[in-house]
There are 2 protein chains.
Amino acid sequence: MEDRSLLENINRHITLTENECALFLSLLKKKKIPRKNKLLTQGQLCDSIYFVDCGALRAFYLDVSGKESTIMFAVKDWWVTDMYCFINILPAMLTIEAIEESTVYQLKKNDLEKLYQTVPQFERFFRILMQNAYIREQLRVVQNLSMTAEERYDIFVKKYPEVANKVKQKQIASYLGITAEFLSMIKRKKL
Amino acid sequence: MEDRSLLENINRHITLTENECALFLSLLKKKKIPRKNKLLTQGQLCDSIYFVDCGALRAFYLDVSGKESTIMFAVKDWWVTDMYCFINILPAMLTIEAIEESTVYQLKKNDLEKLYQTVPQFERFFRILMQNAYIREQLRVVQNLSMTAEERYDIFVKKYPEVANKVKQKQIASYLGITAEFLSMIKRKKL
DNA sequence: TGTAAACCTTAAACTAGTTTATTTTTTTGT
DNA sequence: ACAAAAAAATAAACTAGTTTAAGGTTTACA
């Protein structure tokens, strides 16, 4: 078995029996996503959540004018989906794209619901997951409201150095809510 | 008993026995917060989460330069706390203030942990609560990144009309991440 | 290995939103 | 009901971040 990182991720918060582990693993489907391919495309029904085993992905919103806003990067050990559309089983607002070749475990909405019923501990696991996600997004809102682009850039690089090294500058800019040109200016100023 | 709105809030997502209900209610402490008083002050240990029975409150972050950023408004049926500091039992980063006289139910962190153990259904309840909170914040991030202040204002008024009518304009401005002066300009333009 | 495409930089003109200051209006506590 | 304080409006000068456009550099893949 080579699903260690996923099980470790789960064991950090709940304790499962052998059988429960086996059941959980049986619901997952391993997927390999080549670089630049999409795990989810805007408009397509979003019925799955994904755990990243390796690689790096980016979730972004494409507005009518063609501008991309990066919502999140997902690297090893992150869970990713378009949560709003996943929960309400709606066509996705977000697109999720592999920045580099990635391997993910897919868990379908129906199977997750089944899981909640047969192994209620997963309610706890996802409660903690959602809690952390909420806290993270709320912190980001505070920062977007109260800080300059430069401050936000510094914090981003400090908080996610592996991501900052891996992704394109224009993608970082679109995560920070600024243009690639302005980010370039910010960086020059630092030299 | 006059705790109907809280129990209805909970029954929307989980089903409790009489005993479980009674246990839950026994952990709550009703608090009346006069207008302009604080439920939580920046720097003070945040060990409770609150359910708003009536009234209206505002959670905001005060930065070093003295600028306030409104993180959320909480009216009837909302849960509110400084989630990051609540979860990690840290001094609060946020201040929560009553905009008008409000009544809340206080639930302490320790009691919530107890509740998770004795009535695991609450894991489900708070899983759903956190999920909704996450989705809400994520949507806000998308809007902050991709929309102008005017668009964000229109959406805010449409989404939370009761709040928009109740709170001061400068508080709405600080929720949108703009100055009160600029919001004033936006509104004039609409006439 | 070459070449097209994507990315990054630079810079000048521009604009959305800020700052500061003054006046008017509304709210509040007594 | 009144005085004081807080909030809202207006306006001019300013600045953080955008837009457009051009040139230079790296990346991808045929």
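Because only heavy atoms are used, hydrogens play no part in the values below, and waters and symmetry mates are left out as well, while side chains stay in. The shown structure was predicted, so the numbers you read here are calculated from the model rather than taken from an experiment.
Remark on the helix from C/dT9-D/dA22 to C/dT30-D/dA1: inter-end axis angle 60°, axes from five-pair C1' superpositions, rounded to 10°.
Stacking of A/Arg140 on the aromatic ring of A/Tyr175 is recorded, both the 6.0 Å distance cut-off and the 45° axial limit being met.
Here the C1' atom of nucleotide D/dG23 and the CD atom of A/Glu181 are 14 Å apart, to the nearest Å. In this entry the distance linking CD of A/Glu101 with P of D/dA28 reads 14 Å, nearest Å. Here D/dA9 presents its P atom at 12 Å from CD1 of B/Ile178, a figure rounded to the nearest Å. Regarding B/Leu183, its CG atom lies at a distance of 8 Å from the P atom of D/dA9, rounded to whole Å.
Comparing B/Met147 and A/Gln169, the nucleotide of DNA chain C nearest to each residue sits closer to the 5' end for A/Gln169.
Neither OP1 nor OP2 of D/dA9 sits under 4.0 Å from any side-chain N or O of B/Arg188. Listed pair B/Lys170 / D/dA7 meets the phosphate criterion, a side-chain N or O lying under 4.0 Å from OP1 or OP2.
Remark: the backbone N or O of B/Gln44 is not paired with any side-chain donor or acceptor of B/Thr41 at under 3.5 angstrom.
On the nucleic acid side, DNA chain C contacts chain A at distances under 4.0 Å to non-hydrogen atoms, with the end points of that region at C/dC7 to C/dA11.
The A/Arg35 side chain lies nearest to D/dA28 when the options are D/dA7, D/dA28, D/dT19.
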